[in-house]
Amino acid sequence: MNEYQEVVDKLIRWYQKNARDLPWRRTRNPYYIWLSEIMLQQTRVEAVKPYFERFIKVCPTIEALAFTHEETLLKLWEGLGYYSRVKNLKKAAQTVVEEYDGSLPSDYQALRRLKGIGPYTAGAIASIAFSLPYAAVDGNVLRVMSRLTADARDISLDATKKAWEDEITLMMPKGEEGTFTQALMELGATVCLPNGMPKCQACPVREFCQAYRKNTIMQYPVKSPKKQRKMEYLSVFFLAEGKKIALCKREEKGLLSGLWQLPNCPKDLALPVILREWGIISGEIRQIKTQKHIFTHIEWHMNCYYVNVRENENKTFLWLDQETVEKQYALPSAFKKIWQEGCSFLEE
Ligand code: SF4
């Protein structure tokens, strides 16, 4: 047995003993694997679990997902962030219903053509659900592999990722493709950790790890520094007319596209000017605590206001009571604290 095969073998045995019991691992249902992988992008496992359980109750099949109203899906997704993921899930589900009779295709290229399924997700579905030899390479896997082999290629480059996809695909053990994929993911998530020291003493492949042998673990993975986030400064308004609160929709393109939000504008616009532009004459205005929200590439700094609306000629906002919004509308996390504070003023 060569060294690579031994690593693969050890990882698989370790995974079989140590895998965490997660709802989507109790099945090989391709839909569940797909959904969990999409939810897990940028989100911790513990946070995903309740969302996953709730989602499959409402949408137990791909067909159900395809026919569920987008507003309901956004509400199910509320708090997970990156809402384009769930919009793409719905679009892909519609394609699966139209073209594949409601079942995900067991073909890597066909999976890749579905909206929102990139190489990582296609590799995960293909290997875990269909036992096909395709790698699923994300940040966790790149970190593990670069430490294991003391590989100094920059993991933020697409070329490095692609090279690892090819190399891991060649390592895939026949008949255990899915277990190997999950073993690599699990090692990265629970042992070979990012940000600080990995738990090498608990690592099943420590004896093969080049970085461990050379005592150079902290040098891997090599990653070029991220670009600085763009700062945006906003004024955000909790406009209350009696018990009704204004919501408006974001544009269909860009950050949080097409989602509901609290009305807002660039911070440098004067308050009376913007309120007049919206057709609102205000009574009392209270300042709510300044909020900051960090997205992947943008940082919002928000000056927030509770505005008691005295006269309202606005034709563009939706005016809804608190209960309706909380039951039926998905409000992005960036606005949550402002919403809660605004609602506390309503009760006074
Ligand atoms: Fe990661 Fe340590 Fe295992 Fe190497 S020995 S793969 S650094 S956990």
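Start at 1 and go down the list; that is how both ligands and their atoms are numbered.
Heavy atoms of other residues, nucleotides or ligands lying less than 6.0 angstrom from NZ of Lys336 number more than 12.
Checked against Cys59 for a side chain to side chain contact (heavy atoms under 4.5 Å, CB included), the options Leu89, Leu35, Leu65 give a single hit: Leu65. Residue Trp339 is tested with Trp260, Phe238, Phe345, Phe237 for a ring pair (Phe, Tyr, Trp, His ring centres under 6.0 Å); the sole match is Phe238.
Ring centroid separation for the pair Phe295 and His297 does not come in under the 6.0 Å cut-off.
Closest to atom 1 (Fe) of ligand 1, if we only count protein heavy atoms, is Cys192 SG, 2.4 Å. The nearest heavy-atom contact from the protein to atom 3 (Fe) of ligand 1 is Cys203 SG, 2.3 Å.
Residue Cys200 does not count as close to atom 1 (Fe) of ligand 1, with no N, O or S atom under 2.8 Å.
By the criterion of side-chain heavy atoms lying less than 4.5 angstrom apart, applied directly or through intervening Ile, Leu, Val, Met, Phe, Trp or Tyr residues, Leu262 is not grouped with Ile280; the two fall into different hydrophobic clusters.
The distance from ligand 1 to the heavy atoms of Cys209 drops below 4.0 Å at these ligand atoms: 4 (Fe), 5 (S), 6 (S), 7 (S).
The heavy atom nearest to atom 7 (S) of ligand 1, out of those in Arg147, Lys199, Arg213, Met218, is found in Arg147.
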